[in-house]
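What follows is a short report on a single structure.
These numbers come from the heavy atoms of this one structure, side chains and all, not from hydrogens, waters or symmetry mates.
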Amino acid sequence: MKILLNNSDLNEALYDVSNLGFVPTMGSLHKGHISLIKKSLKECEKTIVSIFVNPTQFNNKYDYKKYPKNIKKDLSILHKQKVNFVYLPKKEDVYYYKRKTPIKISKDNLILCAKFRKGHFEGVLDVMDRFTKIIKPQKIYMGEKDFQQLYLVKKYIYNKYKSKIISCKTVRNKNKFALSSRNILLNKTELLKAGNIAKDLISFKKKLSNKKNLKMILSNKKKELINLYKIKVDYLELRSISNLKSSNKLKNSKLFFAYYINKIRLIDNF
Ligand code: AMP
């Protein structure tokens, strides 16, 4: 496994690689990340994993400061997985040029997390654009857990580069709770609560079929979740998986959910 600390290391290592899979991460790796890495290792000749906590996608200083870091453990996981390259850039390696026109999310796309985390996806698209330009991967592996991110990056990168975005299923723990680096910030009771919420919403979604008046049912469910679990909810919405437009049918739709346990913001979709 080669560790690439800057762009000249990277250019030297990748110059003759023609089938490269790229897994962008912010580190504090877990089984969700590993599932993306395994898929890339299986499908591509070489795999590169980046670890970079991208400052521009954080709309909240507390969240950025608290973002979990564990580089030693991450490197040992990546070594065990037999990843070919790990890219650990510094801010200057990624943001070495200023963009003439800033990336903007269109008004239609200011929904779900884009509505509640101003500037977040602009930061994500900016860093993904820079990474794709620097790394030039054939395939980029991303998780459905961050479905809106996957949707926006797919559209943006596909239009601009030849890299193909490969979507990977959400990995959950035995309590049905989606794995996330932020879970480390939750205590035992909070983790249990998050598991109960996930199980609650999975069974709620199963029972939704053939019901009329879905909007009203969802609005009531949102109130119930707030009262029952004492959580702050940003949204609970049913949207089409093909264009993320609001939907009142279950077919080809997903239930999108964002909420806080204490100060920790968590997202999931079912
Ligand atoms: P992050 O390090 O949180 O930026 O995530 C890096 C990549 O891993 C993103 O494409 C995420 O969607 C994906 N990912 C994070 N958690 C999971 C999970 N539980 N299951 C599958 N993919 C995940």
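Atom NE2 of His120 sits about 9.5 Å away from atom CG of Asn54, to the nearest 0.5 Å. Taking OG1 of Thr170 as the start and CG of Asn269 as the end, the distance is 5.5 Å to the nearest 0.5 Å. We find the CG-CD1 distance between Leu88 and Ile51 to be 5.5 Å, quoted to the nearest 0.5 Å. Atom CD1 of Ile71 sits about 8.0 Å away from atom CG of Leu29, to the nearest 0.5 Å. We find the OG-CG distance between Ser246 and Leu112 to be 9.0 Å, quoted to the nearest 0.5 Å. The distance from the NE2 atom of His33 to the SG atom of Cys168 is 11.5 Å, given to the nearest 0.5 Å.
Counting heavy atoms from C-beta on, the side chains of Asn196 and Phe177 never come closer than 4.5 Å. A heavy-atom distance below 4.5 Å is not found between the side chains of Lys263 and Leu185. Under the 4.5 Å side-chain criterion, counting only non-hydrogen atoms from C-beta, Asn248 is not in contact with Leu238. A heavy-atom distance below 4.5 Å is found between the side chains of Arg239 and Ile111. When side chains are defined from C-beta on, Asn183 counts as touching Leu266, because their heavy atoms get closer than 4.5 Å. A 4.5 Å side-chain heavy-atom check between Ile48 and Leu10 finds at least one atom pair inside the cut-off. Considering only heavy atoms from C-beta on, Leu110 stays 4.5 Å or farther from Phe121 through its side chain. Inter-residue side-chain proximity for Ile140 and Met128 is flagged as met; some heavy-atom pair is nearer than 4.5 Å.
Both the sub-6.0 Å distance and the 45° axial angle are satisfied by Arg130 relative to the ring of Tyr97. Stacking of Lys115 on the aromatic ring of Tyr235 is not recorded, the 6.0 Å distance cut-off and the 45° axial limit not both being met.
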Start with the C-alpha gap between Leu201 and Leu236, add the side-chain angles, then the distance that decides, and say whether side chain to side chain contact (heavy atoms under 4.5 Å, CB included) holds. CA-CA 10 Å; Leu201 280 171; Leu236 176 69; 4.0 Å; yes
Evaluate side chain to side chain contact (heavy atoms under 4.5 Å, CB included) for Tyr259 paired with Tyr229, printing each intermediate quantity in order. CA-CA 11 Å; Tyr259 69 111; Tyr229 298 103; over 6 Å; no
Which is it for Arg172 and Asp268 under the salt bridge (charged side-chain N to carboxylate O under 4.0 Å, His left out) test, yes or no, and what are the steps along the way? CA-CA 10 Å; Arg172 299 176 180 280; Asp268 205 341; 2.9 Å; yes
With ring-ring contact (aromatic ring centres under 6.0 Å, His included) as the criterion, how do Phe58 and Tyr67 come out once you've worked through the C-alpha distance, each side chain's angles and the decisive distance to 0.1 Å? CA-CA 10 Å; Phe58 285 84; Tyr67 199 83; 5.7 Å; yes
Might you work through the side chain to side chain contact (heavy atoms under 4.5 Å, CB included) test for Lys46 and Leu14, ending with a clear yes or no? CA-CA 9 Å; Lys46 296 272 165 77; Leu14 298 185; over 6 Å; no
Go through the steps to decide whether Ile267 and Lys145 satisfy the test side chain to side chain contact (heavy atoms under 4.5 Å, CB included), and finish with yes or no. CA-CA 8 Å; Ile267 57 170; Lys145 186 195 151 269; 4.0 Å; yes
Apply side-chain hydrogen bond (donor to acceptor under 3.5 Å, both in side chains) to Tyr141 and Thr47, showing your working. CA-CA 10 Å; Tyr141 292 81; Thr47 290; over 6 Å; no
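By the 6.0 Å contact criterion, NZ on Lys160 is enclosed, its count of non-hydrogen atoms from other residues, nucleotides or ligands being greater than 12. Enclosure of atom NZ in Lys73 is not indicated, since only 12 or fewer non-hydrogen atoms of other residues, nucleotides or ligands lie within 6.0 angstrom. By the neighbour-count criterion of 12 heavy atoms within 6.0 Å, atom NZ of Lys199 is densely surrounded, having more than that number from other residues, nucleotides or ligands. The local environment of OH in Tyr15 is sparse, with at most 12 non-hydrogen atoms from other residues, nucleotides or ligands closer than 6.0 Å. Surrounding NZ of Lys205 are more than 12 heavy atoms belonging to other residues, nucleotides or ligands, all under 6.0 Å away. Counting heavy atoms of neighbouring residues, nucleotides and ligands inside a 6.0 Å radius, atom NZ of Lys139 exceeds 12 of them.
Between the side chain of Ser163 and the backbone N or O of Pro137 there is at least one donor-acceptor pair closer than 3.5 Å. The backbone N or O of Cys44 sits nowhere less than 3.5 Å from a side-chain atom of Gln138 that would complete a donor-acceptor pair. No donor-acceptor pair under 3.5 Å is formed between the side chain of Ser240 and the backbone N or O of Ser253. The backbone N or O of Ile103 lies less than 3.5 Å from no partner atom in the side chain of Glu122, so there is not a single donor-acceptor pair. At distances below 3.5 Å, not a single donor-acceptor pair connects side-chain atoms of Ser40 with backbone N or O atoms of Ile37. Although no hydrogens or angles enter the test, the distance criterion places no donor-acceptor pair under 3.5 Å between the side chain of Lys176 and the main chain of Asn173. Between the side chain of Ser219 and the backbone N or O of Lys215 there is no donor-acceptor pair closer than 3.5 Å. Remark: the backbone N or O of Leu5 is paired with a side-chain donor or acceptor of Asp9 at under 3.5 angstrom. For Asn7 (side chain) and Ile134 (main-chain N/O), no donor-acceptor pair under 3.5 Å exists by modelled atom type.
The heavy-atom pair separating Asn109 from Ile105 by the smallest distance is CB-CG2, 3.4 Å. Smallest separation of non-hydrogen atoms from Phe22 and Ser50: CE1-OG, 3.4 Å. Taking every heavy atom of both residues into account, Ser35 and Val171 meet most closely at OG-CG2, 3.5 Å. Residues Ser167 and Glu144 share a closest heavy-atom pair of OG-OE2, 3.9 Å. Listed here is the closest heavy atom pair of Glu45 and Asn84: O-OD1, 4.2 Å. Taking all atoms of both residues into account, the shortest heavy-atom contact from Ala13 to Lys2 is CB-CD, 4.4 Å.
Screening Lys98, Lys133, Arg99 for a salt bridge (Lys or Arg N to Asp or Glu O under 4.0 Å) with Asp126, the sole residue that qualifies is Arg99.
Follow the hydrophobic side-chain contacts under 4.5 Å out from Ile241 and you never reach Phe257; the two are in separate clusters. If you chain together hydrophobic residues whose side chains sit under 4.5 Å apart, Leu152 and Leu244 fall into the same group.
Between the side chains of Asp93 and Tyr87, no donor N or O sits under 3.5 Å from an acceptor N or O. Between Ser181 and Ser28, the side chains place no donor N or O within less than 3.5 Å of an acceptor N or O (distance only, hydrogens not considered). In this model, no donor atom of one side chain and acceptor atom of the other lie less than 3.5 Å apart for Asp108 and Ser106.
Residue pairs meeting the ring pair (Phe, Tyr, Trp, His ring centres under 6.0 Å) criterion with at least one partner in residues 144-172, sequence neighbours excluded, are Phe147-Phe256.
For Glu190 and Lys193, the salt-bridge test fails: no basic side-chain N is under 4.0 Å from an acidic carboxylate O. Salt bridge absent: Arg265 and Asp63 never bring a charged side-chain N and a carboxylate O closer than 4.0 Å. Salt-bridge check for Asp200 with Lys221: passed, with a basic side-chain N closer than 4.0 Å to an acidic carboxylate O. Ionic pairing of Glu92 and Lys90 is not present here: no N-O contact between side-chain nitrogen and carboxylate oxygen is shorter than 4.0 angstrom.
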